[in-house]
Student: 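What follows is a structure written as structure tokens; I'll ask about it next.
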Amino acid sequence: MRRLSLVLFGLLLTIASFAAAGQQTLSIGLFPNLSTRLLLETYQPLRDFLEQRLAHPVTLYTAHDFNSFIDRTQKGEYDLIVTAPHFARLAEADAGYQPMFVYQNKLSAAIVVPKNSPITGISELRGAKIAAPDRLALVTMLGMKLLHDHGLESNRDYTFQWTATHGNAALAVQRGEAQAGLLGILPLKQLPENISRQLQILSVTPAVPSQVLLVHRRLDSALRQKIRDSLLAFEQSEVGQQFFKATGLKGFQPVSTSDLKQLDPYAREVKRMQELAK
């Protein structure tokens, strides 16, 4: 208890010193592909590094579902965002965000089944219940296209069981609540071993760009450049290397509007589904 009190006291002193210096708090929005606890734990090293490097207090945020995260992003509630590529395209085109970097890993969707499943091919998913993170997730859209290419259509040949995260989709398969699951290759690699070893990959979709880091253009150009430089410094730092090793990510590479335009069909589909939900 004494240790916790000292930690909280130190945190309050840090916040007070930032406030006294008139420093604005920078907010980082993390799209909710994983549980809130896991997201915040994963990105804490980046938060700490940026806070020290920028001499600004930095706070991590997420949302309870993809739709809420998109809404908050489109309102410009976050200064920086780490988000899915089709959400990044919306943020860049409609909400004033500037693309900075994309993770070098490509994004693919995996169809997974239990280790002991009798299902050995996509055509055998006819009549199956498939767990997926969210109908707005790019992984879901990629998986639906793969199933469509094999002659299977949602609500005719299979049904979805919607879950909050990729991890929950994997758990639904592991627990026998669904015959198959759709989740990203990277979240699949980030699952605890006691879950991942009980699953096997049935098929993988073609790859598209991975998660994108963007900064809002309302920040002055000098601060935006300092954030960009700080991210590159993080990538080269020891704590950054530990972050990339722990997450299975391979580092940053520059990304531009032209890179994100290939996601336009998926971005338009997100907007269409949001309109239908109103």
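Along the sequence shown, residues are numbered consecutively beginning with 1.
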Student: Okay, side chain of Thr165, backbone of Ser35: is any donor-acceptor separation there less than 3.5 Å?
Tutor: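 No; zero donor-acceptor contacts below 3.5 Å.
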Student: When you compare the side chain of Glu51 with that of Leu26, does any pair of heavy atoms fall below 4.5 Å?
Tutor: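 No, too far: nothing below the 4.5 Å cut-off.
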Student: Is it true that a side-chain atom of Glu177 and a backbone atom of Val173 form a donor plus acceptor pair closer than 3.5 Å?
Tutor: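 No, because the side chain of Glu177 does not come within donor-acceptor range (under 3.5 Å) of the backbone of Val173.
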Student: Hey, does Leu146 have a side-chain heavy atom less than 4.5 Å from the side chain of Ser203?
Tutor: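 Contact flag for Ser203/Leu146 side chains = yes.
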Student: Given Leu213 and Ile81, is the side-chain contact (heavy atoms from CB on, under 4.5 Å) satisfied, shown in steps?
Tutor: CA-CA 6 Å; Leu213 290 81; Ile81 52 173; over 6 Å; no
Student: From the options Leu202, Ile201, Thr205, Leu183, select the one residue that forms a side chain to side chain contact (heavy atoms under 4.5 Å, CB included) with Ile111.
Tutor: Leu202
Student: Please determine whether side-chain contact (heavy atoms from CB on, under 4.5 Å) holds for the pair Leu231 and Phe252, giving the CA-CA distance in whole Å, both sets of side-chain angles, and the decisive distance to 0.1 Å.
Tutor: CA-CA 9 Å; Leu231 288 169; Phe252 302 129; 4.1 Å; yes
Student: Please determine if Asp71 and Lys75 form a salt bridge, counting it only when a charged side-chain N lies under 4.0 Å from a carboxylate O.
Tutor: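 Between Lys75 and Asp71 there is no salt bridge, as every charged N stays at least 4.0 Å from the carboxylate O atoms.
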Student: Go through the structure and list residues passing side chain to side chain contact (heavy atoms under 4.5 Å, CB included) with Gln241, not counting sequence neighbours.
Tutor: none
Student: State, to 0.1 Å, how close Pro254 and Val102 come at their nearest heavy-atom pair, and which atoms those are.
Tutor: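 Of all heavy-atom pairs spanning Pro254 and Val102, the closest is O-CG1, 4.2 Å.
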Student: Show me the donor-acceptor pairs within less than 3.5 Å that the side chains of residues 121-132 make with the rest of the protein, sequence neighbours left out.
Tutor:
from	atom 1	to	atom 2	distance (Å)
Glu124	OE1	Thr120	N	3.0
Glu124	OE2	Thr120	OG1	2.8
Arg126	NH1	Asp157	OD1	2.8

Student: Working to the nearest 0.5 angstrom, can you tell me the gap between Asp229 CG and Arg53 CZ?
Tutor: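 If I round to the nearest 0.5 Å, the distance is 7.5 Å.
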Student: Measuring from Leu152:CG to Met144:CE, what's the distance to the nearest 0.5 Å?
Tutor: 11.0 Å
Student: Given the ring of Phe101, does Arg228 sit roughly above its face, with NZ or CZ under 6.0 Å from the centre of the six-membered ring and within 45° of the axis?
Tutor: yes
Student: Return the OG to CG distance between Ser210 and Leu138, rounded to the nearest 0.5 Å.
Tutor: 10.0 Å
Student: Quick check: closest heavy atoms across Leu214 and Met100, and the distance to 0.1 Å?
Tutor: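 Here Leu214 and Met100 meet closest at C-CE, 4.0 Å.
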Student: List the steps and the verdict of side-chain contact (heavy atoms from CB on, under 4.5 Å) for Leu90 and Lys271.
Tutor: CA-CA 9 Å; Leu90 287 176; Lys271 294 178 81 168; 3.4 Å; yes
Student: Determine whether His166 and Leu186 satisfy the following criterion, side-chain contact (heavy atoms from CB on, under 4.5 Å), listing intermediate values before the conclusion.
Tutor: CA-CA 10 Å; His166 295 251; Leu186 183 58; over 6 Å; no
Student: Using the ring of each side chain (for Trp, its six-membered ring), is Phe243 parallel, tilted or perpendicular to Tyr103, with breaks at 30° and 60°?
Tutor: tilted
Student: Keeping His86 on the side-chain end and Tyr266 on the backbone end, is there a donor-acceptor pair under 3.5 Å?
Tutor: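 Checking the backbone N and O of Tyr266 against the side chain of His86, no donor-acceptor pair under 3.5 Å is found.
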Student: Can Ser68 and Asp65 be counted as having a side-chain donor-acceptor contact under 3.5 angstrom?
Tutor: yes
Student: Hey, what do you get for CD (Glu235) to NZ (Lys250), rounding to the nearest 0.5 Å?
Tutor: 13.5 Å
Student: Go through the side-chain N and O atoms of Thr257 and Glu92 and say whether any donor and acceptor fall under 3.5 Å apart.
Tutor: yes
Student: Using a 3.5 Å distance criterion without hydrogens, assess whether the side chain of Thr163 forms a donor-acceptor pair with backbone atoms of Asn168.
Tutor: no
Student: Side chains of Gln211 and Asn33: does their closest heavy-atom pair fall under 4.5 Å?
Tutor: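 Yes, at least one pair of side-chain atoms sits under 4.5 Å.
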Student: Search all heavy atoms of Pro85 against all heavy atoms of Leu260 and return the closest pair with its distance.
Tutor: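 Here Pro85 and Leu260 meet closest at O-CD2, 4.3 Å.
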Student: Hey, are His216 and Gln98 close enough side-chain-wise for a donor-acceptor pair under 3.5 Å?
Tutor: no
Student: Would you say Gln200 and Val113 make side-chain contact, with heavy atoms under 4.5 Å?
Tutor: yes
Student: Can you classify the ring geometry of Phe234 versus Phe244 as parallel (below 30°), tilted (30 to 60°) or perpendicular (above 60°)?
Tutor: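 Aromatic pair Phe234/Phe244 classed tilted.
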Student: List the atom of Leu50, the atom of Ser230, and the distance in Å for their closest heavy-atom pair.
Tutor: CD2-CB, 3.7 Å
Student: Indicate yes or no for a side-chain donor-acceptor contact from Arg72 to the backbone of Gly29 under 3.5 Å, with no hydrogens or angles considered.
Tutor: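 It does not hold such a pair.
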Student: Working to the nearest 0.5 angstrom, can you tell me the gap between Asp94 CG and Tyr97 OH?
Tutor: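 OH of Tyr97 is found 12.0 Å from CG of Asp94.
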Student: Would you find more than 12 non-hydrogen atoms of other residues, nucleotides or ligands less than 6.0 Å from Glu193 atom CD?
Tutor: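 Count not over threshold, so no.
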Student: Looking at every non-hydrogen atom in both residues, tell me the closest pair between Thr247 and Gln190 and how far apart they are.
Tutor: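 Heavy atoms only, the tightest pair is O-NE2, 2.8 Å.
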Student: Compute whether any side-chain donor of one residue and acceptor of the other, for Asp48 and Gln52, lie under 3.5 angstrom apart.
Tutor: no
Student: Does Phe87 reach the side chain of Leu136, with side-chain heavy atoms less than 4.5 Å apart?
Tutor: yes
Student: Does any part of the side chain of Lys106, heavy atoms only, come nearer than 4.5 Å to the side chain of Val208, both counted from C-beta?
Tutor: no
Student: Checking Arg47 side chain against Val58 main chain: does a donor-acceptor pair fall under 3.5 Å?
Tutor: yes
Student: What distance do Thr140 atom OG1 and Glu269 atom CD have between them, rounded to the nearest 0.5 Å?
Tutor: 11.5 Å
Student: Side-chain contact test, heavy atoms from C-beta onward, threshold under 4.5 Å: evaluate it for Phe69 versus Thr83 and give yes or no.
Tutor: yes
Student: Would you check if Arg224 and Arg217 make a side-chain contact, meaning some heavy-atom pair closer than 4.5 Å?
Tutor: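 SC-SC contact between Arg224 and Arg217 confirmed.
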Student: Classify the angle between the aromatic ring planes of Tyr78 and Tyr61 as parallel (below 30°), tilted (30 to 60°) or perpendicular (above 60°).
Tutor: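 Rings of Tyr78 and Tyr61: tilted, as their planes differ by 30° to 60°.
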